[in-house]
Protein chains: 2
Amino acid sequence: MRIAIDAMGGDNAPECNVEGALSAAAEWKDTQIVLVGDEARLAPLLKNKPDNVSVRHAADVIGAEDEPVKAVRRKKDSSMVVAGRMVREGEADAMISSGNTGALMTTGLLIVGRMQGIERPALAPMIPTLDDVGVLALDLGANMDATPQHLAQYALMGSVYRSKVHGIQKPRVGLLNVGTEPGKGNELTKEAYPLLENLAGIHFVGNVEARDVLTGNCDVLVCDGFAGNILLKTLEGTAGAMFKLLKEQFSRSLKTKLGAAMLMPELRSLKGKMDYKEHGGAPLLGLSGLVVKGHGSSDGTAVKNAVRQARIALMADLVPSISKEISGK
Amino acid sequence: MRIAIDAMGGDNAPECNVEGALSAAAEWKDTQIVLVGDEARLAPLLKNKPDNVSVRHAADVIGAEDEPVKAVRRKKDSSMVVAGRMVREGEADAMISSGNTGALMTTGLLIVGRMQGIERPALAPMIPTLDDVGVLALDLGANMDATPQHLAQYALMGSVYRSKVHGIQKPRVGLLNVGTEPGKGNELTKEAYPLLENLAGIHFVGNVEARDVLTGNCDVLVCDGFAGNILLKTLEGTAGAMFKLLKEQFSRSLKTKLGAAMLMPELRSLKGKMDYKEHGGAPLLGLSGLVVKGHGSSDGTAVKNAVRQARIALMADLVPSISKEISGK
């Protein structure tokens with residue numbers, strides 16, 4: 001299989017992407033990795049290039065500040081758009097990018113193309129849970145507004161992903177809501193509830209409150225992109241704020257410094273646990289090809305993990321399986 | 001001034017309400033406290049009742065499980081509804097209840113009554129921030145769906161509250177959103193942004209991302225009730241989960257136990273800091289009288305703090321000030 005990596009995307013590009021590509025190529029000999037980007041910048045980093053790594057030149061780059069739709073339309077030779085075109089034209093089986101999120105979603109829609117029957121593709125990262133299993137949340141930002149029908153499609157796509165990629169037999173689907181009772185919520189969630197309840201092919205477990213998401217009581221969490229963003233960013237902000245406060249409190253006196261030093265490995269492990277960025281790339285579901293978004297601050301390990309994820313999804317026939325599930329409805 | 005307390009509302013009722021009432025009455029001799037509830041249950045707790053505490057008998061109670069609208073309509077002799085009626089009829093200047101939140105909002109709307117010119121009253125708790133100042137967030141659950149016009153009214157009411165009750169001269173108003181740039185958001189926030197930007201009488205500082213709320217970059221945070229609930233519950237859930245994890249990690253070995261013991265006062269202080277329940281009662285803004293919601297798990301101190309809050313709001317003419325601000329628009 002061939003996986004295209006947008007070599008110029010991400011805060012640490014192109015180094016992180018080259019490092020991830022080399023390490024993935026070493027581990028999976030059956031996988032061809034194509035680094036898409038500026039040949040002149042990539043060549044010095046690829047002096048000992050193995051056979052299953054190649055470079056596809058792309059002269060342009062979409063930056064973090066670029067306006068997504070404009071950038072994708074105009075920068076036809078950017079590494080991200082070229083990688084997308086490779087997927088559309090069957091030159092690559094999947095693409096991975098840690099670049100501008102909005103531009104990647106636009107590349108997915110305009111270049112790779114929407115899957116037939118899907119109204120809105122969805123971005124689906126894993127949110128960490130206390131039991132370390134994690135929950136796949138979607139949509140987390142591809143579409144700010146959603147209809148109940150969109151939420152039903154998210155539920156289907158998320159279920160297929162969890163079963164195909166993570167091997168969960170009957171993924172539990174929860175609806176992000178303000179209370180657990182069926183009648184709770186805003187207009188969107190009140191209408192979505194009976195739709196999900198009656199949807200064949202998913203195992204709906206009802207409403208899930210935001211405070212319970214971390215306890216891992218579902219495998220797929222369905223929400224509109226706005227609410228999902230509030231959830232994820234609050235989680236990130238609260239964890240960050242608490243670590244900042246702990247650090248302040250723990251450097252107050254010799255006694256607290258000593259206590260903190262004794263707890264350092266435990267504190268570090270907790271920090272890793274709460275960091276959703278460490279939980280792999282986020283697939284963009286509902287496209288006619290496989291697109292995986294890495295986090296902007298991805299390092300080589302994160303890029304390699306995204307390759308691992310893409311391989312599993314490809315081997316499990318993720319995209320055809322979603323298509324089959326959707327067309328069956 | 002006279003403040004009615006729903007003596008039967010809250011997990012620890014009636015004891016917490018009696019304790020809070022007695023302690024408030026002792027501190028503020030100018031304040032008449034009326035405990036509304038079952039006389040037979042209250043009498044034994046009020047053996048040494050000071051002159052400024054009295055009981056108004058109410059035979060019935062609205063429970064935590066009661067369906068709000070039905071309960072308020074049918075239980076006309078419940079402590080909550082009787083307290084609401086006292087406010088409407090001028091027998092009390094304010095009411096405080098730690099009972100069923102939905103029922104209290106219904107009591108506000110149906111019994112106390114909406115302020116003229118207000119489309120939707122809003123529940124406005126304080127969310128803790130790292131600088132200990134806190135941010136008043138509204139709406140946090142009175143209405144699940146909102147229009148841009150509702151958000152503009154929330155902004156006005158929140159600004160008046162922060163300036164009158166907390167003495168902030170020019171409260172900074174932020175709009176909860178998924179990015180800081182003006183064009184970001186869902187349909188609601190995209191339409192609300194220019195409305196807030198052009199609203200006389202508030203100091204709008206733009207969009208605020210969920211991850212930055214805790215850093216205290218605004219004094220009033222405006223959002224619809226659904227998004228607000230996701231924010232508050234995620235904050236609560238994340239903090240709770242982290243304390244649970246810390247506890248687990250810290251009891252792993254003798255070394256970690258010793259380290260944790262050395263840090264105990266700091267950990268406790270952090271826990272208090274992150275607990276929004278410790279940040280006083282939440283006013284229900286936009287009613288024709290003052291209604292303050294205490295948290296369900298309120299103890300005597302929390303009830304006393306709610307009385308303190310109600311006193312300040314009454315002395316500062318909060319309700320007439322909001323009415324003046326709204327009718328001027």
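Both backbone and side-chain heavy atoms feed into the values below; hydrogens, waters and symmetry mates do not. Per chain, numbering begins at 1; letters A, B, ... match sequence-line order.
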(message) Quick one, Thr101(B) and Leu104(B) - any side-chain contact, counting heavy atoms below 4.5 Å?
(response)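 SC-SC contact between Thr101(B) and Leu104(B) ruled out.
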(message) With heavy-atom distances below 4.5 Å as the criterion, would you say the side chains of Val135(A) and Val208(A) are in contact?
(response)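 Side chain of Val135(A) against side chain of Val208(A), heavy atoms only: no contact under 4.5 Å found.
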(message) Taking Val61(B)'s backbone N and O only, do any of them form a donor-acceptor pair with Ser78(B)'s side chain (distance below 3.5 Å, no angle check)?
(response)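 Side chain of Ser78(B) to backbone of Val61(B): no pair is present.
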Based on non-hydrogen pairs under 4.5 Å, which of [options] is most in contact with chain A?
{"options": "Asn229(B), Val178(B), Leu188(B)", "value": "Val178(B)"}
{"options": "Asn177(B), Asn186(B), Thr238(B), Leu130(B)", "value": "Asn186(B)"}
{"options": "Glu248(B), Lys190(B), Glu187(B)", "value": "Glu187(B)"}
{"options": "Gly240(B), Ala210(B), Gly185(B)", "value": "Ala210(B)"}
{"options": "Ala260(B), Gly141(B), Ala241(B)", "value": "Ala241(B)"}

(request) Select one option (side chain, backbone, both, neither) describing which atoms of Ser253(A) are under 4.5 Å from chain B's heavy atoms. (result)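 Contact with chain B is absent: no heavy atom of Ser253(A) under 4.5 Å.
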Might you point out which heavy atoms bring [X] and [Y] nearest each other, and give the distance in Å?
{"X": "Ser97(A)", "Y": "Met80(A)", "result": "OG-CE, 3.6 Å"}
{"X": "Pro121(B)", "Y": "Ala142(B)", "result": "O-CB, 3.6 Å"}
{"X": "Ala155(A)", "Y": "Leu196(A)", "result": "CB-CD2, 3.5 Å"}

(message) side chain to side chain contact (heavy atoms under 4.5 Å, CB included), that's the test. Do Leu284(A) and Lys293(A) meet it? Break it down for me.
(response) CA-CA 7 Å; Leu284(A) 204 50; Lys293(A) 184 195 127 41; over 6 Å; no
(request) May I have the step-by-step check of side chain to side chain contact (heavy atoms under 4.5 Å, CB included) for Leu151(B) and Leu195(B), ending in yes or no? (result) CA-CA 9 Å; Leu151(B) 296 189; Leu195(B) 221 61; over 6 Å; no
(message) Go through it in stages, so that I can follow the logic: the residues are Glu236(B) and Glu209(A), the test is side chain to side chain contact (heavy atoms under 4.5 Å, CB included), and I'd like the CA-CA distance, side-chain angles, deciding distance and then a yes or no.
(response) CA-CA 11 Å; Glu236(B) 196 188 322; Glu209(A) 283 197 76; over 6 Å; no
(message) Taking side chain as everything from C-beta outward and backbone as N, CA, C, O, which of these in Asn143(B) sits under 4.5 Å from a heavy atom of chain A? Side chain, backbone, both or neither.
(response)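 Neither; nothing under 4.5 Å.
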(request) Sort Lys184(B) into side chain, backbone, both or neither according to what part of it lies under 4.5 angstrom from a heavy atom of chain A. (result)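 It is neither, since no heavy atom gets under 4.5 Å.
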(request) Would you sort out whether Asp139(A) and Arg120(A) count as a side chain to side chain contact (heavy atoms under 4.5 Å, CB included), showing the intermediate values? (result) CA-CA 9 Å; Asp139(A) 170 40; Arg120(A) 302 281 177 92; over 6 Å; no
(request) Under 4.5 Å, heavy atom to heavy atom: which of residues 212-227 of chain B reach chain A? Give them by number, or say none. (result)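 Those residues of residues 212-227 of chain B which have a heavy atom under 4.5 Å from chain A are Leu214(B), Phe226(B), Ala227(B).
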